[in-house]
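These notes are about the structure you will find just below.
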Amino acid sequence: MADPPKRVLNEALLTYAYILLYITLSSGQIFFNKWVLSSKEINFPYPLALTLLHMIFSSGLCFFLTKVLRIMKVEEGMTLDIYLTSVIPIGAMFAMTLWLGNTAYLYISVSFAQMLKAVMPVAVFVLGVAAGLEMMSCRMLLIMSVISFGVLVASYGEISISWIGVVYQMGGVVGEALRLIFMEILVKRKGLKLNPISIMYYVSPCSALCLLIPWIFLEKPKMDEQGAWTFQPLVLTLNSLCTFALNLSVFLVISHTSALTIRVAGVVKDWVVVLLSALIFADTKLTFINLLGYAIAIAGVAAYNNLKLKKEASRVSPDDSQPDQSIPLVSSSTSNE
């Protein structure tokens with residue numbers, strides 16, 4: 001049996017390995033999606049179909065892992081009322097987030113999309129106040145102003161801005177903010193805490209259904225007309241598998257640390273994506289104003305996360321030594337997968 005110092009060291013190394021895995025998978029998935037959607041080699045510019053494929057794949061794999069192999073557990077406590085009033089809205093907003101966010105990659109660069117995502121805490125806070133889940137305060141108002149100012153500065157520094165892409169990306173931000181609000185209502189008002197595996201199990205089929213209907217009317221006719229059914233199944237299957245692996249990495253990080261760690265790691269991931277995208281994609285040209293504005297926004301996000309940490313710590317009793325294993329209710333860096 002390993003002595004305590006060695007065991008602590010091993011646990012710390014394992015935790016950092018999970019965090020690194022999350023950052024790598026999350027960043028890689030964003031680049032992978034961008035490549036699949038915009039690459040002439042893959043020739044699959046159908047974000048709605050790609051997102052639908054992800055949800056179908058996640059639904060099937062979740063069922064196989066939890067009900068067939070039984071190597072993962074689905075949390076108990078789900079009722080028909082909770083599913084109808086909470087899970088379906090969460091699934092619909094999740095579908096909206098992924099659909100619009102992935103569509104934005106057809107019009108704007110990966111780095112600029114990440115910069116726009118920094119406004120997420122503002123959207124979550126405003127909607128939280130409207131839903132009665134957040135309280136307005138001078139400190140929070142100042143933080144929201146800093147984040148908004150930073151995003152505006154970053155947008156001003158964008159060389160070739162596509163307003164269609166901005167609208168799609170901001171629509172995805174609003175969808176994600178609404179999803180997080182519904183999640184908070186599910187936890188706070190209905191008392192149900194679900195780990196990410198349970199969320200994927202319940203939400204993925206609902207999201208797939210919500211995506212199927214618009215896909216039939218918006219993208220299926222285009223795919224039939226352009227012969228897009230000759231896509232590369234191996235590439236799309238690998239893309240879907242990477243999406244599922246990303247969700248599992250979130251589960252591993254939260255189970256070994258806390259939901260806040262995902263938010264902090266997400267900030268690091270955002271910087272990695274912004275900087276790497278300038279090296280990988282030809283449509284990315286970062287300016288000093290871009291980076292300055294994004295740095296200001298991230299500083300506001302860091303202050304927001306710190307304030308949320310203090311509030312969460314004040315609600316936890318001294319005897320509660322278990323990390324929070326529910327999914328993060330507020331995130332500044334929710335990826336488009």
Side-chain angles (χ1 to χ4, degrees), residues 26-40 42-48 50-51 96-127 143-178 218-219 222 266-302 304 331-337:
S26 184
S27 304
Q29 187 63 39
I30 291 174
F31 294 138
F32 200 173
N33 286 350
K34 171 72 173 181
W35 180 65
V36 169
L37 291 168
S38 61
S39 171
K40 293 181 180 179
I42 302 301
N43 191 27
F44 196 79
Y46 305 102
L48 188 50
L50 182 66
T51 309
M96 172 182 170
T97 299
L98 299 179
W99 169 23
L100 297 180
N102 283 331
T103 304
Y105 288 145
L106 297 175
Y107 300 95
I108 59 178
S109 65
V110 171
S111 61
F112 188 46
Q114 292 301 121
M115 292 177 188
L116 292 177
K117 285 180 193 176
V119 81
M120 177 67 69
V122 178
V124 173
F125 178 71
V126 171
L127 292 173
I143 292 174
M144 297 300 107
S145 300
V146 170
I147 295 174
S148 301
F149 176 72
V151 173
L152 286 175
V153 171
S155 301
Y156 179 78
E158 186 69 9
I159 296 175
S160 55
I161 186 170
S162 169
W163 290 109
I164 297 178
V166 171
V167 170
Y168 274 121
Q169 184 62 31
M170 296 311 295
V173 167
V174 172
E176 177 64 9
L178 287 171
L218 297 179
E219 284 190 355
K222 296 180 181 178
V267 172
V268 177
K269 180 265 298 183
D270 286 348
W271 273 109
V272 170
V273 170
V274 167
L275 297 177
L276 283 182
S277 63
L279 301 175
I280 297 174
F281 296 108
D283 66 343
T284 301
K285 293 181 176 61
L286 295 177
T287 67
F288 174 75
I289 298 179
N290 272 148
L291 295 177
L292 176 62
Y294 191 53
I296 294 173
I298 289 298
V301 170
Y304 176 82
S331 173
S332 66
S333 56
T334 317
S335 64
N336 287 341
E337 283 301 345

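Owing to the predicted nature of the structure, the values given are computational and were not obtained by experimental measurement.
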So, the side chain of Ser148 versus the backbone of Ser145: is there a donor-acceptor pair under 3.5 Å, distance only? no

Nearest-0.5 Å distance, OG1 of residue Thr51 to CG of residue Leu37: 7.5 Å

Roughly how far, to the nearest 0.5 Å, is the OG1 atom of Thr97 from the CD atom of Gln169? 10.0 Å

With a 4.5 Å limit on heavy-atom distance, are the side chains of Asn290 and Ser111 in contact? no

Dump the intermediate steps for side chain to side chain contact (heavy atoms under 4.5 Å, CB included) on Leu286 and Tyr294, then the final yes or no. CA-CA 11 Å; Leu286 295 177; Tyr294 191 53; over 6 Å; no

Counting heavy atoms not belonging to Ile164, are there more than 12 under 6.0 Å from its CD1? no

Would you call Val122 and Phe125 a side-chain contact if the rule is heavy atoms closer than 4.5 Å? no

Side-chain heavy atoms of Lys117 within contact of Asp270, under 4.5 Å: no

Contact summary for Gly171 and Leu100, nearest pair of heavy atoms: C-CD1, 3.6 Å

One should read off an interatomic distance between Leu275 CG and Leu279 CG, to the nearest 0.5 angstrom, of 8.0 Å

Less than 4.5 Å apart, any side-chain heavy atom of Leu291 and any of Trp271? yes

What are the two closest non-hydrogen atoms of Lys269 and Ser27, and how far apart are they? CG-OG, 3.2 Å

With a 4.5 Å heavy-atom cut-off, do Met120 and Val301 have their side chains touching? no

Shortest non-hydrogen contact from Ala154 toward Phe112: O-CE1, 4.3 Å

For a quick test of reading the model, state the closest non-hydrogen atom pair linking Ile161 to Ser155 and the distance between them. CD1-O, 4.4 Å

Close side-chain approach of Ile280 to Lys34, heavy-atom, < 4.5 Å: no

Mind running side chain to side chain contact (heavy atoms under 4.5 Å, CB included) on Thr287 and Tyr156 for me, showing each step along the way? CA-CA 10 Å; Thr287 67; Tyr156 179 78; over 6 Å; no

Name the residue from Gln114, Glu158, Met115 that meets the side chain to side chain contact (heavy atoms under 4.5 Å, CB included) definition with Ser109. Glu158

Are the side chains of Thr103 and Leu48 in touch, meaning some heavy atoms are under 4.5 Å apart? no

Identify the heavy atoms of Gly165 and Ala104 that sit nearest to each other, and give their distance. O-CB, 3.7 Å

Among Val146, Val153, Ile147, Val151, exactly one meets side chain to side chain contact (heavy atoms under 4.5 Å, CB included) together with Phe149. Which residue is that? Val153

Do Tyr107 and Val166 come close enough that some side-chain heavy atom pair is under 4.5 Å? no

Phe44 vs Tyr46 aromatic rings, parallel, tilted or perpendicular, using cut-offs 30° and 60°? perpendicular

